[in-house]
Every structure is written in C-alpha cells, then in structure tokens.
Amino acid sequence: MTRVKRGTTKNKRRKNILKMTKGYRHGRKSKKRQAKEAIKHAGVHAFNHRKQKKQENRRMWQVNISAASKHFGYSYSKFMGVLKEKKVGLDRKILASLIKENPDTFKRVVEHIK
C-alpha cells in the first residue's frame, strides 16, 4: 500500500476553519481548536438570533403602529380590532412601512375605518 502524506489536507482544513473566524479576537482567530469552538458557538447564536430578529421587528412594527394610531384617537388594540372588523388586509409590516414612507396613505386607511 502506498504512503499518503496528509500535510496538504490538514493545512487546507485548518485554513478553511481560520477563514471562518476572520475578524475574531485573540486566539479564536489563529488557533485551530479555539477557532472550531468559536465557530460552533457562533452558529448557535446565529440560529437563535434569526428567530429573535423576527420577534424584534414585529415589536417595532407594533410600537410604530401604536404611536401613529394614537394621533387618530385609537389605542393599538382597538385600531387592530377595527381593521379586522372592516376586513382591511394589511399586516403590521405593511402598516409600519406606510407610516414611515407614506403617512398620507396611512391617514386614508384610518379615515376608511372610521
């Protein structure tokens, strides 16, 4: 059986791991063992924070809608309730973007439900 020298494969693996940890601090960017651990932790945080980002966005939309609807004499819950009663098919994301980008359109939506 022929001899297989593993230097190139080993170096390539190490290089790929260290490429993923570019920008990390201290030994986590330059030492293979610490880098592998850092990658695992980063993956866990990335997974969790993808979910968290969606939650935070929804909260921000709710805050924006609440603030805008107060100008027209509605609380957030009453405003959303009236929207559902009148069967206005706008979700929170769309309403929040209307408030920021087209306040006149939002005003027309509010007038429509009154």
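Since this is a predicted model, take the numbers as computed values, not measurements.
- The cluster map of Ile, Leu, Val, Met, Phe, Trp and Tyr, joined by side-chain heavy atoms under 4.5 Å apart, puts Tyr76 and Leu83 in the same cluster.
- In this structure, Phe79 has its ring center under 6.0 Å from that of Phe106.
- The shortest heavy-atom contact between Asn64 and Lys100 is ND2-CE, 3.9 Å.
- In plain terms, the two heavy atoms of Lys86 and Ile113 that are nearest each other are CE-O, 3.5 Å.
- Taking the side chain as every heavy atom from C-beta outward, Leu90 and Leu98 approach each other to under 4.5 Å.
- Between Ser97 atom OG and Trp61 atom CH2 the span is 9.0 Å, to the nearest 0.5 Å.
- In this structure, the side chains of Met80 and Gln62 stay at 4.5 Å or more apart for every pair of heavy atoms.
- Here Gln55 contributes atom CD and Gln52 contributes atom CD; the two are 6.0 Å apart, rounded to the nearest 0.5 Å.
- Annotation: side-chain hydrogen bond (donor to acceptor under 3.5 Å, both in side chains) contacts of Ser66 (sequence neighbours excluded): Lys70.
- No chain of hydrophobic side-chain contacts below 4.5 Å, direct or via other Ile, Leu, Val, Met, Phe, Trp or Tyr residues, connects Val63 to Tyr74.
- The side-chain contact (heavy atoms from CB on, under 4.5 Å) search around Lys32 returns Arg14, Ile17, Lys36, not counting sequence neighbours.
- Under the 4.5 Å side-chain heavy-atom criterion for grouping Ile, Leu, Val, Met, Phe, Trp and Tyr, Ile39 is not connected to Leu18 through any hydrophobic cluster.
- Closest approach of Ile99 to Ala68, counting heavy atoms only: CD1-CB, 3.6 Å.
- Here CG of Asp91 is found 9.0 Å from CZ of Arg58. Values are rounded to the nearest 0.5 Å.
- Evaluation of the side-chain hydrogen bond (donor to acceptor under 3.5 Å, both in side chains) test over residues 105-114, restricted to residues two or more places apart or in two chains, returns none.
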